[in-house]
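Written out below as structure tokens is the structure these notes cover.
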Amino acid sequence: MAVQINPSILSADFARLAEEAEAVKGADWLHVDVMDNHFVPNLTLGVPVVESLRRATDTPLDLHLMIEDPDRWAPQYVEAGAGSVTFHAEAAAAPVRLAREIRAKGARASMALRPATPIEAYEDLLPELDMVLIMTVEPGFGGQAFLDVMLPKIRRTRELISRHGLQMWLQVDGGVSASTIERCAEAGADVFVAGSAVYGADDPAEAVRGLREQATAATAAAPWACGH
Ligand SMILES: O=C(CO)[C@@H](O)[C@H](O)COP(=O)(O)O
Ligand SMILES: [Fe+2]
């Protein structure tokens, strides 16, 4: 599979979301961070904004729910138009049931892990998911420094995906930039969220192209990607 670059609108201007979506035309997905000020100490947006954004852009929406009680809320984000919905393992009461419900409603189901949450605890759930998100910062804010201690976890996750013969995607989120994306790709990530590295650039669309080139080249050189 080709690498995917998903700009995070957390670093965009929230008063101009339609234009900000247009500014990254060519990106694979728009990454939408939903925060409830309980699961993380920050508050962003909810279902009505996602419905409006869905009407404002053709780029599919990749929802990252940093909220408590995703079992209750995630299905509503599918109905609002999300193409992919990621819930946190630490917050879901019944992750398998939730993943099945998201898929049944027509979106891709994905699960995120905070930096301290081990992937091994969730190995048996992987076949129920379309993507796993390895957080490379503590969730809650854009613009944080990439945690390179997460690289072994990305590698182990890629090994588990290969061992089980799964086609699922491996997303990384947090501090992904021109100086870190190659290490993420080399370790096994194939979907890259970038907020400040895209919306902080003079030309966000050019930043997406640059990140895509770097990730593509690093993936081609990575041992895990043989036959990928
Ligand atoms: O989920 C989050 C933060 O919790 C992210 O999606 C950030 O929005 C990424 O921002 P950068 O680290 O790329 O600036
Ligand atoms: Fe995110």
Side-chain angles (χ1 to χ4, degrees), residues 3-14 17 20-21 23-24 27-46 49-50 53 59-68 70 73-74 77 82-92 107-117 130-151 153-154 169-185 189-202 204-205 207-208 210-212 214-215:
V3 304
Q4 301 186 66
I5 308 294
N6 301 4
S8 167
I9 57 157
L10 186 61
S11 299
D13 180 348
F14 273 34
L17 283 183
E20 296 283 63
V24 293
D28 296 280
W29 298 76
L30 267 189
H31 183 85
V32 180
D33 289 307
V34 178
M35 305 186 189
D36 66 353
N37 200 31
H38 290 277
F39 183 72
V40 289
N42 198 1
L43 187 65
T44 55
L45 52 85
V49 177
V50 173
L53 195 55
T59 307
L61 304 181
D62 164 35
L63 271 282
H64 177 191
L65 304 182
M66 285 161 276
I67 59 173
E68 289 181 356
W73 290 103
Y77 285 96
S84 173
V85 176
T86 299
F87 57 86
H88 266 265
E90 305 85 359
R108 296 177 64 87
S110 161
M111 192 173 69
L113 303 182
R114 281 178 178 272
T117 304
D130 296 298
M131 183 169 80
V132 63
L133 163 52
I134 303 298
M135 289 303 299
T136 43
V137 297
E138 281 298 341
F141 299 92
Q144 302 180 74
F146 178 77
L147 295 173
D148 51 10
V149 289
M150 287 297 105
L151 288 166
K153 183 167 156 185
I154 298 169
W169 300 345
L170 199 176
Q171 184 176 71
V172 285
D173 182 10
V176 175
S177 69
S179 46
T180 58
I181 196 167
E182 288 163 343
R183 280 179 284 157
C184 293
D190 54 8
V191 184
F192 305 87
V193 176
S196 46
V198 169
Y199 282 108
D202 291 339
V208 170
L211 290 171
R212 190 189 300 288
Q214 283 185 282

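In this text, all values refer to a predicted model and were calculated from it rather than measured experimentally. Both backbone and side-chain heavy atoms feed into the values below; hydrogens, waters and symmetry mates do not. Both ligands and their constituent atoms are indexed starting at 1 by order of listing.
Checked against the Fe ion (ligand 2), the N, O or S atom of D173 at the shortest distance is OD2. The closest approach of D33 to the Fe ion (ligand 2), by N/O/S atoms, is made by OD1. The minimum distance between the Fe ion (ligand 2) and any N, O or S atom of H64 involves atom ND1.
A distance of 9.5 Å separates CD of Q171 from OG1 of T136, quoted to the nearest 0.5 Å.
Considering only non-hydrogen protein atoms, atom 14 (O) of ligand 1 sits nearest to S196 OG, 2.5 Å. Scanning all protein heavy atoms for the shortest distance to atom 12 (O) of ligand 1 gives G175 N, 2.8 Å. At the shortest separation from atom 10 (O) of ligand 1 among protein heavy atoms lies G142 CA, 3.5 Å. Annotation: atom 3 (C) of ligand 1 to nearest protein heavy atom, F141 O, 3.4 Å. Regarding atom 4 (O) of ligand 1, its nearest protein heavy-atom neighbour is G140 N, 2.8 Å. In terms of protein heavy-atom proximity, atom 13 (O) of ligand 1 is nearest to G195 N, 2.8 Å.
In summary, the side chains of Q4 and D62 do not present any donor paired with an acceptor at a separation below 3.5 Å, with no hydrogens or angles considered. Using modelled atom types, one finds a donor on one side chain and an acceptor on the other under 3.5 Å when comparing D33 with H31.
Within the 3.5 Å criterion, the main-chain N or O of N6 finds no donor-acceptor partner in the side chain of D28. Between the side chain of E90 and the main chain of R114, a donor-acceptor pair closer than 3.5 Å is present.
Between G175 and F146, the shortest heavy-atom contact is O-CB, 3.4 Å. Contact detail for V198 and P7: the closest heavy-atom pair is CG1-CB, 4.0 Å. Across all non-hydrogen atoms, the minimal contact from A112 to H64 is CB-NE2, 4.3 Å. Contact detail for D13 and E20: the closest heavy-atom pair is N-OE2, 2.7 Å. A82 approaches L63 most closely through the heavy-atom pair CB-CD2, 3.5 Å.
Each of the following atoms of ligand 1 lies closer than 4.0 Å to a heavy atom of H31: 6 (O). Heavy-atom contacts of P139 reach the following atoms of ligand 1: 4 (O) (cutoff under 4.0 Å). Close contacts between ligand 1 and H64 involve ligand atoms 1 (O) [criterion: under 4.0 Å to a heavy atom].
Within the cation-pi definition used here (under 6.0 Å to the ring centroid, within 45° of the axis), R108 qualifies as a partner of W169.
By the 3.5 Å distance cut-off applied to N or O atoms, D173 is counted among the residues near ligand 1. Any N or O atom pair closer than 3.5 Å counts here, and M135 shares no such pair with ligand 1. Inclusion of D33 in the set of residues having an N or O under 3.5 Å from an N or O of ligand 1 is warranted. Below 3.5 Å of separation, one finds an N or O of G143 facing an N or O of ligand 1.
Contact annotation: G174 has at least one heavy atom less than 4.0 Å from an atom of ligand 1.
Counting heavy atoms closer than 4.0 Å to ligand 1, residue A194 contributes backbone atoms (N, CA, C, O) but none from C-beta onward.
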